[in-house]
Amino acid sequence: MEAIDIFSYFLLLLLLLSGVKVVTTSNVIHAAIFLVFTLATTAVLFILLSAEFVALVLILVYIGAVIVLFLFGVMITRAPLGPNAELDNDQNKLMAAVISLSIFGIFTYILLQTFDSTVVISEGTSTKLLGEILLSRFVFPFELVSFVLLGALIGGITLA
């Protein structure tokens, strides 16, 4: 096992732990901070996969814009900064865990079947090629993500 493999496993463990903390904390500000850690770790993983452009877009758009918009909305609405009893719903935790593990299992199965459990990185991808692939082969997921970002923008405007 090489050092890069050990570092990757450490990053994946850190990503898993910070992702769990995002959804289990009852403090909104702490959830936003853990989300920043989750997104930063994901950006580092993209850099390890030689996808520097995707990592920079993740940092600029999600960490630089969405999280700041979220925190700005929380501060403008004067939401309570301590633990929030409305966010701590014990009744639906089992159902949320089942749904989350199901989605994780489906994505893991799809990834293992698609990549045949091996990922070979030869060199970085140019931004031009990435744009062509994104707007030809992956146009539907790209448009779906744009609607999610539009929903986040509308939600932020509604909060403000």
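Any value given below was found using the heavy atoms of this structure, including those in side chains, with hydrogens, waters and symmetry copies removed.
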Side-chain heavy atoms under 4.5 angstrom apart, residues restricted to Ile, Leu, Val, Met, Phe, Trp, Tyr: same cluster for [X] and [Y]?
X: Phe140; Y: Val145; value: no
X: Leu35; Y: Leu16; value: no
X: Phe10; Y: Leu45; value: no
X: Ile67; Y: Phe37; value: yes
X: Ile63; Y: Ile29; value: yes

Can you give me the closest heavy-atom contact between [X] and [Y], atom names plus distance?
X: Ala55; Y: Ala43; result: CB-O, 3.4 Å
X: Gly19; Y: Thr38; result: N-OG1, 3.5 Å
X: Ile47; Y: Glu52; result: O-OE2, 4.5 Å

Query - Option among Leu56, Val54, Thr41, Val57 that satisfies the side-chain contact (heavy atoms from CB on, under 4.5 Å) test with Phe46 - result: Val54
Requested in this report: Taking the side chain as every heavy atom from C-beta outward, state whether Phe7 and Leu48 have any pair of such atoms under 4.5 Å apart.
Outcome: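 Contact flag for Phe7/Leu48 side chains = yes.
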Query raised in the report: If we only count heavy atoms from C-beta on, is the Ile99 to Met95 side-chain gap below 4.5 Å?
Result: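 Touching, per the 4.5 Å side-chain cut-off.
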Query raised in the report: Rounded to the nearest 0.5 Å, how far does CD of Glu132 lie from CZ of Arg137?
Result: 14.0 Å
Query raised in the report: Does Thr108 use its side chain to pair, donor to acceptor, with the backbone of Phe104 at less than 3.5 Å?
Result: yes
Query raised in the report: Is the side chain of Ser18 donor-acceptor paired with the backbone N or O of Leu15 at a distance under 3.5 Å, no angle test?
Result: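 Side chain of Ser18 to backbone of Leu15: a pair is present.
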